[in-house]
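Below: one structure, written as structure tokens.
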Amino acid sequence: MRFADLHLHTLFSDGTHTPESLAAQARSLGFAVVALCDHDTVEGCVRMSQACAREGIEFITGSELTAEMDGHELHLLAYGVEVTHPRFLVELARFQGVRQNRIREMVACLNRLGIPLAAEAVFRLANCASPGRPHVARALVSAGLCDNLDEAFARFLKRGRPAWVPKYKMAAGDAIDLIHDAGGLAVMAHPGLNRTDDFIPRLVSAGLDGLECFHSKHSTALSERYLMLADRHGLLVTGGSDCHGYNKGRPLLGTIRLPYEHVRQLRHRLERLRAATVHSHSVATLKI
Ligand code: AMP
Ligand code: ZN
Ligand code: FE
Ligand code: FE
């Protein structure tokens, strides 16, 4: 039986593993396929693809885009995107610019509270284009300003706490179009962690391709619920651990083993999308 983990983070966003170490661990745990879904970036995909090739594992490109519908945050996994797609990269750069400004705003809030953290300390520690709250939390801990990550979130960084700053979110319909444009499929991440089930029919009409039915924070009942919804709406079934390395306790790699059949269906749908895109391009060319 071959298995996949289609939701991994590296230090190109808020994970703590390098692509090489993740690929090596995935192979030793017996995975046949992995996908990288760093937040609002595809920067790690080239190294991950090379590392997976060395380990003899299949690799699927990906990213986890921050989106919203009616003001509710949801995460869209972009599978199979071309990592050099110009418009996709321009949009990701916009996300990343806002994330970097947000770090400065969070640090300014902390400074106003008398917490002497420097934005440069966060950027140095993050050392990536797509920094987030976990980097601020780690900088607070390493400067001795908080005892641990949970304290940093609970005192300062959680929604409603004094250094919480909202994130840039792309309208979900626009994000789905962007993902398709970049040759990828749009899958709703960890639907059981958001209160966004009512949006699923609208997201399906907007072109949503799949649901992440299996996730390390989904109970069996939740997985079953989303399997039923995926079936009802003709959506792909995906799954992944959402492993961030050591950011949140123990690494979660190995906790989700998605049967390969779902990967086969995802690849099939990707091929259909590509064929349709090539067809529409050739039709456009014929018109000219
Ligand atoms: P951001 O994208 O900057 O809003 O940061 C979101 C990340 O922070 C996600 O990966 C969350 O899982 C993580 N996060 C949220 N709460 C905590 C916490 N208490 N401890 C560690 N990480 C957290
Ligand atoms: Zn994360
Ligand atoms: Fe997420
Ligand atoms: Fe994630």
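For reference, positions follow the sequence shown, starting with 1. Every number for a ligand or one of its atoms is a count from 1 in the order of the listing.
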Exercise for review: Answer yes or no as to whether an N/O/S atom of His190 is found below 2.8 Å from the Fe ion (ligand 3).
Suggested key: yes
Practice item. Quick one: sort the His7 and His215 rings into parallel, tilted or perpendicular, breaks at 30° and 60°. Key: perpendicular
Check your understanding: Can you tell me the angle formed at the Fe ion (ligand 3) by OE2 of Glu64 and ND1 of His75, to 10°?
Key -> 90°
Review point. According to the interplanar angle, ranging from 0 to 90°, do the rings of His218 and Tyr226 count as parallel (below 30°), tilted (30 to 60°) or perpendicular (above 60°)?
Key: parallel
Check your understanding: Heavy atoms only: which of Ala137, Gly132, Pro134, Ser130 is nearest to atom 5 (O) of ligand 1?
Key -> Pro134
Exercise for review: Under 4.0 Å from a heavy atom of Arg102: give me the atoms of ligand 1 that qualify, with their elements.
Suggested key: 1 (P), 3 (O), 4 (O)
Practice item. Kindly report the NE2-the Fe ion (ligand 4)-OD1 angle for His9 and Asp242 respectively, rounded to 10°. Key: 80°
Exercise for review: For ligand 1, indicate whether the residue His9 contacts it via side chain, backbone, both or neither (heavy-atom separation under 4.0 Å).
Suggested key: neither
Check your understanding: Between Thr66 and ligand 1, which residue portion shows a heavy-atom distance shorter than 4.0 Å: side chain, backbone, both, or neither?
Key -> neither
Exercise for review: Please indicate whether Asp198 has more than 12 foreign heavy atoms, meaning atoms of other residues, nucleotides or ligands, lying under 6.0 Å from its CG.
Suggested key: no
Check your understanding: Applying a strict 4.0 Å limit to heavy atoms, is Lys158 in contact with ligand 1?
Key -> no
Exercise for review: Return the option from Lys217, Lys167, His190 holding the heavy atom at the smallest distance from atom 2 (O) of ligand 1.
Suggested key: Lys167
Point to revise | Option passing side-chain contact (heavy atoms from CB on, under 4.5 Å) with Asp5 (candidates Asp242, Leu253, Leu29) | key: Leu253
Review point. Which ligand 1 atoms does Asp150 reach within 4.0 Å, using its non-hydrogen atoms?
Key: 18 (C), 19 (N), 20 (N)
**Study point:** Arg87 atom CZ: more than 12 heavy-atom contacts under 6.0 Å
**Key:** yes
